[in-house]
2 protein chains.
Amino acid sequence: MEHAPWSKNGHPVAAYWNMGCPNANAAFAELIRVSRRDMRARCVMQLASERARHVFLPFAGWLVAAKVDPDGARQIVDFVLPGDVFDPATASTAIAAVDVAAVDNVQLAMIPRKAWHGYLETHHAAWALSVRQTAAGYGRMAERMLRLGKSSAETRIAYAICELCLRADPFGLVADRAFHLPLTQQVLGEYVGLSSVHVNRTIRAMARAGVLDYHGQLEVIIHDLAALAAMAQIDPAELRAAIIPSPG
Amino acid sequence: MEHAPWSKNGHPVAAYWNMGCPNANAAFAELIRVSRRDMRARCVMQLASERARHVFLPFAGWLVAAKVDPDGARQIVDFVLPGDVFDPATASTAIAAVDVAAVDNVQLAMIPRKAWHGYLETHHAAWALSVRQTAAGYGRMAERMLRLGKSSAETRIAYAICELCLRADPFGLVADRAFHLPLTQQVLGEYVGLSSVHVNRTIRAMARAGVLDYHGQLEVIIHDLAALAAMAQIDPAELRAAIIPSPG
DNA sequence: CGGCAGTTTGATGCCCGTCAATAGTGGTGG
DNA sequence: CCACCACTATTGACGGGCATCAAACTGCCG
């Protein structure tokens with residue numbers, strides 16, 4: 001089988017996005033092909049409160065949706081992972097709600113919003129995908145707000161690790177498996193609302209307690225999944241159902 | 001003009017939701033008429049992680065979307081106000097991400113999700129409304145997460161007041177106008193992630209500083225809008241564009 | 001080797017949660 | 001009308017968790 005120009009390592013885009021309709025898939029592949037880009041780590045692709053021009057579909061590497069407050073502190077609102085579809089638009093749909101930037105080196109499609117919405121209107125089958133993606137994003141934010149509001153640093157970090165391992169790895173959240181999260185402790189802190197110093201203390205304590213191991217820029221191995229889930233106040237299977245868009 | 005059975009005080013539902021298409025409006029009015037309900041304050045209509053059966057459209061009174069953590073503390077994820085359309089579904093679309101409950105006495109339509117999605121498929125014009133509502137909800141949650149993560153109690157509360165006054169009052173965020181927010185300080189605390197005691201201290205300090213007045217269950221009058229906006233770290237016009245669904 | 005970005009650890013202080021007690025406020029029944 | 005109750009608001013005292021400042025330590029790359 002020949003590799004399409006928008007495939008990577010023999011891993012075609014179709015493995016991430018499937019509309020369940022040949023016509024829709026073909027038109028989608030063409031959209032992707034035309035708007036394919038490469039971005040280096042830290043590259044900013046969209047600024048909040050500027051005109052929202054694109055919908056973002058990464059297929060290698062992570063993006064962040066973030067906001068910066070007047071003091072310069074950054075709060076990460078959500079990560080955008082390969083297979084996601086992210087539209088940064090707000091209520092007045094021309095304006096972006098958040099900054100969008102690359103976490104590490106990223107390969108993605110930046111589809112102009114007009115073209116994307118035209119595609120959705122033409123290809124009814126793609127609506128289901130869009131709706132699932134939106135619902136998954138909402139579920140993630142609801143879970144995360146619960147922890148941002150009232151939980152301890154330990155709960156927030158345990159939850160973030162569970163969420164990101166679930167999303168990053170098709171095998172799900174299992175023990176004794178290495179997960180790679182392309183994050184510094186600083187970035188993880190911006191996600192969970194903690195200083196990088198306190199992220200370090202907390203994750204270090206978890207490692208000393210034997211719950212997990214990590215090294216470098218967050219190569220994580222979970223040893224005691226039950227303990228981690230308890231800290232995060234989740235049930236792995238239930239969380240998966242709530243935040244991972246179902247392929248169906 | 002005769003009042004339709006689903007109108008209230010001569011204030012027809014059409015003032016809240018307009019699909020911009022007579023057919024779609026007529027079918028919508030019928031949906032509303034059939035699924036109209038009254039609910040008393042504190043009544044719970046949906047539990048998180050149970051099957052999501054309805055889409056909620058209040059036209060008098062407020063709803064909350066909330067989650068309860070294992071210790072019994074409640075985090076309010078969003079308020080649902082008259083004119084909103086709220087679908088509590090998650091990524092596996094049959095399950096609800098959040099509890100839905102009435103804040104005060106509420107008149108609303110609870111449309112079965114199947115009927116609602118059938119309606120959206122039949123009446124293309126209504127998609128735009130649905131998309132705007134979703135985008136507005138996303139914008140609100142992004143703004144709120146920014147404050148939940150890193151901001152002081154003063155900023156969180158000032159922001160919550162700005163957001164809710166904007167959403168609750170068609171005249172927008174203006175000085176020396178009385179806004180009624182049907183919330184106790186306890187509930188406001190569950191929204192911004194603070195204890196009711198600290199909500200009291202903070203809002204009291206704001207009143208003493210002459211920024212606003214309030215009494216009873218949050219009848220608020222803003223005296224110094226500029227100071228309040230500075231505390232909330234917002235620009236009123238910009239915030240409005242980000243979180244209020246545009247009528248167009 | 002030096003430089004830089006990230007990690008690790010210690011010391012200090014403040015914001016906000018918790019506990020506790022008092023004072024309103026509205027609703028209900030006598 | 002008043003007594004009584006539940007609920008909410010208000011204020012004080014105290015303690016802990018996390019931010020902040022600062023200083024080594026690590027690993028990586030040129």
Side-chain angles (χ1 to χ4, degrees), chain A residues 40-42 69-75 102-105 146-161 180-209 212-220 231, chain B residues 40-42 69-75 102-105 146-161 180-209 212-220 231:
Chain A
R40 323 210 62 156
R42 289 183 170 70
D69 81 9
D71 323 329
R74 183 170 80 153
Q75 173 68 44
V103 177
D104 50 351
N105 292 331
L146 176 61
R147 271 111 195 145
L148 270 182
K150 301 247 171 144
S151 296
S152 66
E154 184 183 80
T155 299
R156 294 190 208 183
I157 290 178
Y159 175 79
I161 291 174
H180 176 60
L181 312 177
L183 310 173
T184 64
Q185 295 178 3
Q186 167 74 31
V187 172
L188 186 54
E190 290 168 353
Y191 189 50
V192 298
L194 295 169
S195 69
S196 64
V197 171
H198 206 67
V199 168
N200 182 283
R201 281 192 228 282
T202 308
I203 199 171
R204 196 109 261 276
M206 289 163 67
R208 269 196 294 268
L212 52 74
D213 263 340
Y214 71 98
H215 60 270
Q217 265 168 42
L218 288 201
E219 200 77 30
V220 176
M231 285 178 179
Chain B
R40 323 211 62 157
R42 289 183 170 72
D69 79 8
D71 323 331
R74 184 170 78 153
Q75 173 68 44
V103 176
D104 50 350
N105 292 331
L146 176 62
R147 271 106 194 152
L148 270 182
K150 300 248 172 143
S151 296
S152 67
E154 184 183 77
T155 299
R156 295 190 207 183
I157 291 178
Y159 175 79
I161 291 174
H180 175 60
L181 312 178
L183 309 173
T184 65
Q185 295 177 3
Q186 168 74 31
V187 172
L188 186 54
E190 290 168 353
Y191 189 50
V192 298
L194 295 169
S195 68
S196 64
V197 172
H198 207 68
V199 168
N200 182 285
R201 281 192 229 281
T202 309
I203 199 172
R204 196 109 261 277
M206 290 164 66
R208 269 195 294 269
L212 52 75
D213 264 340
Y214 70 97
H215 60 270
Q217 267 169 37
L218 289 201
E219 200 77 31
V220 176
M231 285 177 179

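What you see below is based on every heavy atom in this structure, not just the backbone, and it leaves out hydrogens, waters and symmetry mates. Each chain gets a letter, A, B and so on, in the order its sequence line appears, and its residues count up from 1.
- At distances below 3.5 Å, not a single donor-acceptor pair connects side-chain atoms of B:D71 with backbone N or O atoms of B:A73.
- The separation between A:L218 atom CG and C:dT7 atom P is 7 Å, rounded to whole Å.
- In this structure, B:A153 and B:T202 approach most closely via the heavy-atom pair CB-OG1, 3.9 Å.
- In this structure the side chain of B:D104 never reaches within 4.5 angstrom of the side chain of B:Q217, judged on heavy atoms.
- Spacing between atom NZ of B:K150 and atom P of D:dA19 amounts to 8 Å, rounded to whole angstrom units.
- Between the CD atom of B:Q186 and the C1' atom of D:dC7 there is a distance of 11 Å, given to the nearest Å.
- Going from atom CD1 of B:I203 over to atom C1' of D:dT11 covers 16 Å, rounded to whole Å.
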Every protein N/O lying under 3.5 Å from an N/O of nucleotides 16-18 of chain D:
| unit_1 | atom_1 | unit_2 | atom_2 | d |
| --- | --- | --- | --- | --- |
| D:dC18 | OP1 | A:A153 | N | 2.9 |
| D:dC18 | OP2 | A:H198 | NE2 | 3.2 |

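- For the pair B:R42 and B:V197, nearest-nucleotide mapping onto DNA chain D gives the more 5' position to B:R42.
- For A:R204 and C:dT7, the shortest distance from a side-chain N or O to OP1 or OP2 is not below 4.0 Å.
- Judged by atom type and distance alone, B:R201 reaches the base of D:dG12 through a side-chain donor-acceptor pair under 3.5 Å.
- Here A:Y214 reaches the OP1 or OP2 of C:dT8: one of its side-chain N or O atoms lies under 4.0 Å away.
- Across every non-hydrogen atom of B:L148 and B:V192, the tightest pair is CD2-O, 3.3 Å.
- Phosphate proximity of D:dT10 to B:Q185: present, with a side-chain N or O under 4.0 Å from OP1 or OP2.
- Checked by atom type and distance alone, the side chain of B:R156 pairs as donor or acceptor with a backbone atom of B:G193 at under 3.5 Å.
- Within the 4.0 Å cut-off from OP1 or OP2 of C:dT8, at least one side-chain nitrogen or oxygen of A:N200 is found.
- Rounded to an integer number of Å, the gap from CZ of B:R147 to P of C:dC15 is 20 Å.
- Side chains of B:N105 and B:R40 form a contact here, defined as non-hydrogen atoms less than 4.5 Å apart.
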